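Only this structure's heavy atoms are used, side chains among them; waters, hydrogens and symmetry mates stay out. Source: prediction; values computed, not measured. For this chain, numbers begin at 1 and follow the sequence in order. Order of listing sets the numbers, starting from 1, for every ligand and every atom in it.
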Amino acid sequence: MAEPMLAVEDLEVRHGAIRAVRGVSLHAAPGELVVILGANGAGKSSTLMAIAGALRPASGRIRLNGRDIAGARPERIVRIGLATVPETRDVFPDLTVRENLTLGSFIRRSDRAGVAEDEARMFALFPRLSERAHQPAGTLSGGEQQMLVIARALMSRPRVLLLDEPSLGLAPVIVDQIFAMVAELKQSGLTILLVEQNAAKALAVADRAYVMRLGQIATEGDAAEIRSATDLGALYLGG
Ligand SMILES: Nc1ncnc2c1ncn2[C@@H]1O[C@H](COP(=O)(O)OP(=O)(O)O)[C@@H](O)[C@H]1O
Ligand SMILES: [Mg+2]
């Protein structure tokens, strides 16, 4: 097998005395869309935050495009090619939509032409953001803010995108738009690691899936297999 774009081996993440992630191994091949499912508290966000460098792993190895990133600073990880959309969905509310986007390209500040090109690409991908380019981000709807944080993450030109519950709390029509956009990003060749509560929709777009329970990987397999073999309703129940 070719080297995965992202490989996590035997990851452990702690919050003080709580071992939130225990012995998790997972990988994503170039261009693959991999989903992590699991009940609240299963350790999904802790796993993503450790990969992104926002939490320091207690142990384990993380490789991104052949480079060791475990414990590296978040900015270095972005530079190596990984962008993250955390579940907090934070925009800078007083800055305009365009200014929020520009902040996403901080690692390439001096490349003005490239940044302008990417901004145009984002406005084409997210027409709603284009219409609202000069509005403060705080005036956007929840769905528009989610689109904005995804677009901002893409402004760093990542090879790998981590998405933590992008559909959470959004209206069904917006949820469908988010999943359509994720599928489109996959078509463009991006490697995606998606955390979702909406198991049915996530498995419909994903190549492979991991199900986490109590900080560990309980099940893994092709998305279609997991879809037919698992009682999806059970994934929503407490761990
Ligand atoms: N900042 C934190 N401080 C203490 N415990 C935390 C913190 N964040 C998460 N946890 C705990 O770690 C475990 C995993 O949480 P999390 O990774 O957020 O799970 P998920 O994203 O699957 O809901 C849970 O028991 C949760 O209560
Ligand atoms: Mg979470």
Side-chain angles (χ1 to χ4, degrees), residues 6-28 33-62 64 69-74 77 82-91 142-143 145-150 152-153 158 160-170 174-175 178-179 181-182 192-203 205-206 208-221 223 226-227 230-239:
L6 178 68
V8 173
E9 268 175 73
D10 221 5
L11 179 69
E12 176 160 329
V13 181
R14 296 186 191 177
H15 300 286
I18 296 171
R19 291 167 74 209
V21 176
R22 298 176 287 148
V24 162
S25 297
L26 56 84
H27 64 272
L33 201 178
V34 174
V35 65
I36 304 178
L37 305 171
N40 254 331
K44 305 180 300 294
S45 294
S46 299
T47 299
L48 289 200
M49 290 304 103
I51 296 170
L55 284 174
R56 202 181 168 82
S59 63
R61 289 166 299 282
I62 307 173
L64 169 62
I69 58 162
R73 293 168 55 83
I77 294 172
L82 182 136
T84 306
V85 177
E87 63 188 336
T88 45
R89 202 178 288 169
D90 295 322
V91 298
Q145 291 192 7
Q146 181 61 277
M147 299 291 186
L148 178 55
V149 289
I150 294 170
R152 189 176 63 200
V160 179
L161 181 67
L162 308 187
L163 289 168
D164 197 348
E165 308 228 20
S167 76
L168 192 70
L170 300 177
I174 309 294
V175 170
I178 301 252
F179 277 100
M181 187 267 307
V182 169
I192 302 171
L193 185 57
L194 169 69
V195 164
E196 259 294 331
Q197 286 278 327
N198 197 326
K201 281 197 193 296
L203 290 170
V205 294
R208 281 188 309 111
Y210 296 88
V211 180
M212 285 188 75
R213 193 148 51 90
L214 301 173
Q216 298 180 299
I217 305 287
T219 313
E220 65 178 278
I226 300 271
R227 209 175 169 185
T230 314
D231 174 6
L232 297 183
L235 293 177
Y236 294 93
L237 301 179

Worksheet item: Can you tell which of Leu64, Ile51, Ile192 makes a side chain to side chain contact (heavy atoms under 4.5 Å, CB included) with Val160?
Response: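 Testing each of Leu64, Ile51, Ile192 against Val160, the sole residue satisfying side chain to side chain contact (heavy atoms under 4.5 Å, CB included) is Leu64.
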Worksheet entry | Over all atoms of both residues, closest heavy-atom pair of Ala70 and Gly60 |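 Closest heavy-atom pair between Ala70 and Gly60: CB-O, 3.9 Å.
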Practice prompt. Can you see which heavy atom on Glu196 is nearest to which on Ala202, and at what distance?
Written response: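 Scanning both residues, the minimum pair turns out to be CB-CB, 3.8 Å.
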Worksheet item: Backbone N or O of Gly71 within a donor-acceptor pair of the Arg56 side chain at under 3.5 Å?
Response: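 Between the backbone of Gly71 and the side chain of Arg56 there is a qualifying donor-acceptor contact (under 3.5 Å).
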Item to complete: Would you check if the side chain of Gln146 reaches a backbone N or O of Pro166 as a donor-acceptor pair within less than 3.5 Å?
Response: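 Flag set: sc Gln146 to bb Pro166 pair under 3.5 Å.
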Fill in: Those protein residues which place at least one heavy atom below 4.0 Å from ligand 1
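The answer is His15, Ile18, Ala20, Ala39, Asn40, Gly41, Ala42, Gly43, Lys44, Ser45, Ser46, counting any residue whose heavy atom sits under 4.0 Å from ligand 1.
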Worksheet item: Applying the salt bridge (charged side-chain N to carboxylate O under 4.0 Å, His left out) test to Glu12, which of Arg19, Arg22, Arg61 qualifies?
Response: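 Only one option passes, and that is Arg19.
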Worksheet item: Of all the atoms in Asn40, is at least one N, O or S atom closer to the Mg ion (ligand 2) than 2.8 Å?
Response: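 No, since none of the N, O or S atoms of Asn40 sits under 2.8 Å from the Mg ion (ligand 2).
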